[in-house]
Amino acid sequence: MIPQDYLGLAFFSMLCCFWPLGIAAFYLSQKVLQLQQTFDSSLEKPQFPGASAEFVDQLEFIQPNVISGIPVYRVMDRQGNIINPSQDPQLSKETVLNFYQKMTMLNTMDRILYESQRQGRISFYMTNYGEEGTHIGSAAALDPNDLVFGQYREAGVLMYRGFPLDHFMAQCYANADDLGKGRQMPVHYGSKDLNFVTISSPLATQIPQAAGAAYAVKRENTNRAVICYFGEGAASEGDAHAGFNFSATLECPLIFFCRNNGYAISTPTNEQYRGDGIAARGPGYGMLSIRVDGNDVFAVYNATKEARRRAVAENQPFLIEAMTYRIGHHSTSDDSSAYRSVDEVNYWDKQDHPISRLRHYMTARGWWSEDDERSWRKQSRKTVMEAFERAERRLKPNPELLFTDVYQEMIPSLNKQRESLWRHVQQYKENYPLDLYEK
Amino acid sequence: MAAAARLFLRGANSKLSIAPGSLGTTLLKLSPNCSSRTKTQRRHAAHFTFQPDPVPSQYGPTQKMNLFQSITSALDNTLASDPTAVIFGEDVAFGGVFRCTVGLRDKYGKDRVFNTPLCEQGIVGFGIGVAVAGATAIAEIQFADYIFPAFDQIVNEAAKYRYRSGNMFDCGNLTIRAPWGCVGHGSLYHSQSPEAFFAHCPGLKVVIPRSPIQAKGLLLSCIADKNPCIFFEPKILYRAAVEQVPEDPYTIPLSQAEVLQEGSDVTLVAWGTQIHVLKEVASMAQEKLGVSCEVIDLQTILPWDIETVCKSVVKTGRLLISHEAPVTGGFASEISSTVQSQLLVALNLIASPSSSSFIQTVESSQEKTLC
């Protein structure tokens with residue numbers, strides 16, 4: 001159907017001396033002409049709707065740049081010295097100490113909970129060793145109201161926002177205090193109050209969801225942003241491609257934060273992708289992208305802060321690829337010595353660690369001493385242990401909670417199953433340790 | 001597509017008839033007035049006659065609408081009353097490949113009715129995110145046959161969002177719409193009825209209307225419902241089904257099967273297009289066999305109205321379920337096994353289903369409960 005162009009009406013009207021109508025129609029016809037693309041085959045410029053680049057008459061395949069690739073932005077060197085003073089975010093001593101304490105508290109909690117799984121106290125655990133900088137740096141750059149979608153290795157973001165140790169423990173122990181009502185495996189945290197969407201096991205499913213949430217948040221007009229964390233392995237999923245493409249085409253205020261930690265369980269990056277990591281994919285979607293040193297908490301902070309500011313101001317997504325290293329095993333079900341050397345792990349643990357880099361920055365300014373370190377380590381360990389012991393003593397959730405929240409309302413068939421369960425448990429109660437569960 | 005119907009009736013209008021012979025020797029008899037060339041080239045349309053419902057009087061003024069127009073009306077009502085509501089999917093901006101969203105972008109704006117890239121997992125994932133953020137999300141999948149890339153997002157995410165988060169988060173504001181069912185020429189990939197795949201997933205609601213009046217009321221219920229809903233629209237009815245549909249919004253309750261006509265000898269259960277086939281079956285059975293059929297439109301596949309169907313079968317003693325999807329694992333098997341186990345308990349033929357003698361008893365009673 002050829003759209004109305006008003007030119008005919010314009011000429012006819014002017015011919016009949018209906019000048020006001022004629023002039024108005026002529027004006028409209030010019031507008032329509034501008035909107036319609038004029039196709040002119042005599043021009044040497046491509047006319048394709050799909051792409052508007054220039055013609056070229058040399059056959060040349062574009063070489064993917066994997067050797068030099070997208071450079072890694074950093075603020076501190078590996079010893080914690082500021083390289084370019086203009087990039088120092090110049091955060092207050094209080095803020096930097098808080099960064100440090102949150103990273104070390106996370107590290108301490110990880111050690112204790114990993115050990116508790118080894119002892120059979122909790123069923124499963126995933127540590128965050130080596131990636132603390134990515135969590136704290138990015139979380140600090142956001143507003144508390146910004147919505148967070150995570151994968152499973154972002155506990156530091158929750159910790160930074162103030163999620164109590166008791167709640168971390170309750171979820172891992174699946175006890176009656178768990179906000180998630182004891183339904184998921186450990187480390188599948190969530191907090192409505194802290195705007196942290198509950199973690200789910202399937203990888204990358206959060207990526208298109210984050211795009212949708214960002215779109216809704218954009219329409220609310222409340223200057224909120226959404227951040228979406230995922231690993232370099234999850235970035236191979238179709239959902240990642242979907243999320244990137246949707247957020248760019250639908251103009252969403254969204255920060256994609258990829259933790260590239262070198263491994264997806266046992267799969268190293270050279271078996272995960274052949275291109276220049278994840279950051280190089282951003283431009284393919286029309287997305288502004290950056291690669292940062294994930295072990296440099298200030299680089300992570302600066303990049304996230306600027307991405308957030310622009311994402312909200314300009315309604316477009318940003319991609320941050322934070323390069324880091326997964327020092328720990330994938331989870332308590334993994335023994336990474338099966339696929340990587342101890343030397344490799346030790347390098348990162350001893351020579352390029354986000355916590356030690358920040359400590360050097362602090363000690364260089366006289367903000368942190370050996371005594372501070374000793375007493376903080378002791379205090380944080382004590383705090384974690386106390387929460388741990390409390391969680392261990394707590395009862396498990398009422399088995400009624402197996403059947404609620406499947407739908408918003410209880411439905412008859414689920415109710416029947418529920419009644420059937422209780423009849424069975426009553427009949428064989430000596431086989432069911434009901435005393436361990438809340439009534 | 002194999003129907004689960006035991007009664008097989010050919011349309012009376014057809015000019016072709018097949019003389020039943022022994023295996024492999026069927027004769028094709030043509031009516032004498034037409035040449036064979038014309039007959040074999042004429043596309044044989046699927047036989048059913050849409051049977052409109054009477055004009056509803058309780059919802060205000062009505063307007064003549066076909067199925068796609070009744071959908072547009074429901075969506076129009078929603079966009080008007082709910083400022084957070086957005087509609088998205090492939091090609092919805094210009095009006096949709098089945099015209100269900102015609103006029104809505106012009107009326108409500110391009111930020112509320114918009115195209116997405118061609119990616120079903122993205123459409124549903126995006127929709128979940130919109131719903132989680134508190135807005136009303138109405139996602140369109142272009143054909144139910146293409147819903148499978150979104151299966152992970154629907155089953156692993158949407159359905160489980162509320163449960164897994166301890167009710168801190170949910171995507172109850174999500175409704176997914178998709179054209180469904182056979183249309184005559186759709187072949188493998190424009191004809192599927194995938195409701196059985198989703199019936200196996202607690203946390204979802206699955207709804208299938210039989211007509212424009214039902215469609216608008218059920219769609220509005222799905223949109224209002226605080227659980228993620230999948231709304232399958234029988235595409236063959238988009239133009240063929242015309243009724244007087246109320247202009248104002250109204251809801252028809254979910255999970256309530258409707259008894260369309262009462263009967264005493266056999267209970268016929270179906271949903272969507274097959275309702276019209278079964279209504280015709282019921283009248284033919286009455287006329288030719290003197291059999292009184294009770295016809296039930298299930299409407300909601302999940303959670304389905306077990307009570308209404310069981311109550312009917314207690315009365316009639318016989319159950320026949322007819323659907324388009326494959327027989328094995330089709331939703332008729334869920335209805336059939338649930339009804340049998342509940343009725344055998346109710347009639348005191350067996351102990352409750354946890355008894356070990358259950359299976360033995362069901363098999364031997366099968367002849368009595370199904371005709």
Side-chain angles (χ1 to χ4, degrees), chain A residues 147 149 171 178-184 188 190-193 197-202 204-220 224 226 228 237-239 241-243 245-250 252 397 401 404-409 411-414 416 420 423-424, chain B residues 83-84 86 88 111-112 114-137 139 149 152-153 156-157 159-174 202-205 225-227 255 302-307 338 352-354:
Chain A
L147 195 56
F149 284 83
Q171 199 283 328
D178 177 21
L179 298 178
K181 301 182 187 173
R183 291 158 177 164
Q184 291 214 77
H188 289 65
S191 169
K192 187 159 181 68
D193 292 342
V197 181
T198 303
I199 300 301
S200 72
S201 306
T205 47
Q206 74 275 16
I207 302 177
Q209 292 172 21
Y215 190 87
V217 148
K218 173 173 81 167
R219 290 199 72 242
E220 275 175 4
R224 285 172 83 198
V226 177
C228 181
E237 282 278 0
D239 272 346
H241 163 68
N245 200 18
F246 274 58
S247 67
T249 54
L250 299 173
C252 303
L401 295 175
T404 57
D405 305 323
V406 178
Y407 294 91
Q408 190 209 31
E409 71 281 8
I411 61 168
S413 55
L414 273 178
K416 277 191 103 109
S420 173
R423 271 197 308 271
H424 172 86
Chain B
T84 71
V86 288
F88 50 90
D111 62 321
R112 298 187 69 190
F114 52 92
N115 291 338
T116 63
L118 212 168
C119 177
E120 286 76 15
Q121 66 193 106
I123 290 168
V124 174
F126 179 90
I128 291 170
V130 169
V132 168
T136 299
D152 184 39
Q153 286 282 354
N156 269 332
E157 297 288 312
K160 297 171 169 65
Y161 232 90
R162 190 189 293 277
Y163 187 80
R164 74 188 189 200
S165 69
N167 201 25
M168 283 195 284
F169 298 96
D170 68 83
C171 55
N173 290 336
L174 174 65
L204 292 180
K205 294 200 176 181
D225 194 280
K226 290 293 170 221
N227 300 288
S255 298
L302 180 74
W304 65 281
D305 187 354
I306 301 174
E307 196 185 327
T338 303
S352 80
S354 57

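Order of the sequence lines fixes the chain letters, A, B, ..., with proteins taken first and strands second; residue numbering starts at 1 for each chain. Heavy-atom basis, side chains included; hydrogens, waters and symmetry copies ignored. Because the structure is a prediction, the values reported are computed rather than measured.
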### Query
What heavy-atom pair brings B/Q153 and A/P208 nearest, and what distance separates the two atoms?
NE2-CG, 3.5 Å
Solution key, residues 119-137 of chain B side-chain donor-acceptor pairs under 3.5 Å, sequence neighbours excluded:
unit_1 : atom_1 : unit_2 : atom_2 : d
B/Q121 : NE2    : A/D239 : OD1    : 2.8
B/T136 : OG1    : B/D82  : OD2    : 2.5

### Summary
Interface check, chain A: of B/I306, B/D111, B/T116, B/N156, most non-hydrogen pairs under 4.5 Å belong to B/D111
### Task
Would you mind telling me which of A/T404, A/D405, A/V406 makes a side chain to side chain contact (heavy atoms under 4.5 Å, CB included) with B/R162?
A/D405
### Task
Identify which part of A/L179 has an atom lying under 4.5 Å from any heavy atom of chain B, answering side chain, backbone, both or neither.
both
### Task
Under the side-chain contact (heavy atoms from CB on, under 4.5 Å) rule, collect the residues that match up with A/S200, sequence neighbours excluded.
A/P202, A/T205, B/E157, B/R164
### Contact class of B/N167 relative to chain A, heavy atoms under 4.5 angstrom
both
### Step-by-step side chain to side chain contact (heavy atoms under 4.5 Å, CB included) determination, B/M168 to A/T198
CA-CA 8 Å; B/M168 283 195 284; A/T198 303; 4.1 Å; yes
### Task
Would you sort out whether B/F114 and A/Y215 count as a side chain to side chain contact (heavy atoms under 4.5 Å, CB included), showing the intermediate values?
CA-CA 12 Å; B/F114 52 92; A/Y215 190 87; 3.3 Å; yes
#### Entry: Which atoms of A/Q408 approach chain B - backbone, side chain, both or neither, heavy atom under 4.5 Å
both
### Structural part of B/Y161 lying under 4.5 Å from a heavy atom of chain A
side chain
### Query
Given the options A/E409, A/R219, A/K192, A/K181, which has more heavy-atom pairs under 4.5 Å with chain B than any of the others?
A/R219
